[in-house]
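Values below: every heavy atom of this structure, side chains too, minus hydrogens, waters and symmetry copies. No experiment lies behind these values; they were computed from the predicted model shown.
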Amino acid sequence: MPLSPKSNNTVDLLPNDSHGNQLFPAFIKLNELRTLLVGAGKVGLEKITAIVNNCKGAQVTVVAKDIHPDFYELAKVNDGITIKQKDFSADDLEEIDIVFAATNDNLFNAQLKDLAHTKGLLINVADKPDLCDFYLGAVVQKGDLKIAISTNGKSPTIAKRLKEILNEGIPNELDQTLQNMSALRQNLNGDFASKVKKLNKVTERLVNPQKSFAERNIKWLIWLVAVAFIAAVGITLWETEPEFQSFLTHIDPLFYWFLGAGFVFAMIDGAIGMSYGVTSASFSLAMGLPPASASMAIHISEVMSNGIAGWMHYKMGNVNWKLFKILIIPAIVGAVLGAYILSSLEHYSAYVKPIVGVYTLFLGAVILMKAFNLKRKKNNEKIKEIGPLGFIGGFIDAAFGGGWGSIVLSSLIAGGRHPLFSLGTVKISRFFIATLSSLTFFTMLGGKYWEAVLGLIIGSALAAPIAAKVSNKISAKTIMVAVGIIVMLVSLRSVTLFILKLI
């Protein structure tokens, strides 16, 4: 027999919330219960139609003095329906498990509720939520899939609209998927964990439907078309325009070196999320670029990549705007000042190089430490000196060719800030820093070493769509160890050459 609604055989797992929906969702096997429907007018017809539509084998006894003609039509096609045309009496509740009331007599409905409760029966009273032990929700059915919608009696219209949306959005073919899953479930072997993994793999297609070849590879198709177009234009110009041919043959080899370097460094940065600045700075100094020109090339090449990354973080809601407002102004001031000072010291580049070399040597060691998880214990208190941190990070980043992420991001995370929001904020800030420091460098230095600048821009742009794929194939720790060692060796070379010159 069903438990009385007043039974104490329940456990409160959640705090009582008088403002929330307290209904417990359940699906009842009416084909195994004895149902009584009191009232057989239009409302009663709605009730019994809902019952038989959801449960063809439901056993329903209908008691009413006046019977709507459609009840008899339903009884002809549903053997479980028994009609008793008479006034209700207490004896009608004998051998009954659940009760539905569909009369317009409010006093009778209240009395019927009390009588049902004395016998430990659950009751639903049409259009009277206060008298109901349970409600009938809007139902969406696709074969064996059944979804019931409840608004806690607040708005049947909303429930109806949601039913229409789900009916339209869920394909009828989903029932075939359920049948296939049932068959698969019966044939699965192994322990519970292995069965769950297999079922998850199969059902993943419901969330991520099978896409066509073009949908799966659209970005590669776009790049292939773009590269083919550029190649076709280049070949045409080479064959038809002698001036273009002469231009390409007289390009400084520096461009090609930095093209390859920009590609490799962007791949590394995409794989481990850091080190583009430090690797580019080390390489630029080794290639003979003055520190200011090297920093200019690095920052100009980073404008587009950080703009895209910042925009993506903005779209995903990963930017802490309060943190951004505190960070951005001091960071821009520091970056512009660092770019101005470094550009002013262009004539003293021979003396600035070893300083930058020592700095990149330090960052190389930091990368190695991160690779082996040799980092400080996380502080539980949030870092508060955001403005000074932004100024120092912006200044060092512009003056030494990189380090914004290494200094600011690591400090924010170590200082208790949320890693995801810190990353999004640092990335979008980096776009403005790279843009304004680049303008400062360009204003002070002009178009020096444009081959290096253009090489880094094109190389890093080509690597951007490939880096994510590669990052899944190569161990991040292996890359970080290799980068740390290479950066330290290149930096040591710069410092050693300076010391040897002094000797």
Side-chain angles (χ1 to χ4, degrees), residues 269 274 276-278 280-281 284-285 289-311 313-314 319-349 351-353 355-360 362-363 383 385-412 422-450 452-454 456-457 460:
D269 185 75
M274 59 180 291
Y276 179 80
V278 63
S280 300
S284 300
L285 296 180
L289 264 68
S293 298
S295 187
M296 178 180 71
I298 294 166
H299 284 84
I300 291 177
S301 67
E302 285 185 320
V303 170
M304 181 178 294
S305 61
N306 281 280
I308 295 172
W311 172 256
H313 281 288
Y314 162 72
V319 179
N320 182 332
W321 291 109
K322 184 178 179 180
L323 180 64
F324 173 81
K325 291 176 183 178
I326 300 173
L327 187 69
I328 189 64
I329 299 301
I332 289 175
V333 172
V336 171
L337 182 62
Y340 178 80
I341 292 175
L342 186 61
S343 300
S344 301
L345 297 176
E346 182 80 355
H347 298 296
Y348 304 96
S349 61
Y351 302 98
V352 177
K353 265 189 180 181
I355 299 175
V356 178
V358 171
Y359 172 70
T360 54
F362 166 75
L363 288 187
I383 185 171
E385 302 299 327
I386 304 297
L389 174 66
F391 177 83
I392 294 170
F395 179 85
I396 292 178
D397 182 76
F400 297 102
W404 170 256
S406 301
I407 295 171
V408 179
L409 180 58
S410 59
S411 297
L412 289 174
S422 296
L423 176 61
T425 306
V426 166
K427 278 292 184 183
I428 199 167
S429 301
R430 174 69 169 159
F431 166 73
F432 295 99
I433 293 167
T435 301
L436 293 173
S437 57
S438 297
L439 288 174
T440 304
F441 279 123
F442 199 77
T443 302
M444 297 288 291
L445 302 176
K448 292 183 178 180
Y449 300 99
W450 67 267
V453 174
L454 192 60
L456 283 180
I457 292 174
S460 59

[X] to [Y] - nearest heavy-atom pair and separation:
X    : Y    : result
M444 : S344 : CE-OG, 3.7 Å
S429 : L327 : OG-CD2, 3.9 Å
N320 : T425 : N-OG1, 3.0 Å

Can you tell me how far the [atom1] atom of [X] sits from the [atom2] atom of [Y], to the nearest 0.5 Å?
X    : Y    : atom1 : atom2 : answer
L456 : M296 : CG    : CE    : 10.5 Å
L337 : I341 : CG    : CD1   : 4.0 Å
T435 : I300 : OG1   : CD1   : 10.0 Å
W321 : I328 : CH2   : CD1   : 9.5 Å

Worksheet item: Parallel under 30°, tilted from 30 to 60°, perpendicular over 60°: which one fits the rings of F391 and F395?
Response: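 Aromatic pair F391/F395 classed parallel.
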Worksheet item: Could you walk me through whether F441 and I298 pass the side-chain contact (heavy atoms from CB on, under 4.5 Å) check?
Response: CA-CA 11 Å; F441 279 123; I298 294 166; over 6 Å; no
Quick one: does any side-chain atom of [X] pair with a main-chain N or O of [Y] as donor and acceptor, under 3.5 Å?
X    : Y    : result
S295 : A398 : yes
S284 : L289 : no
S438 : H299 : yes

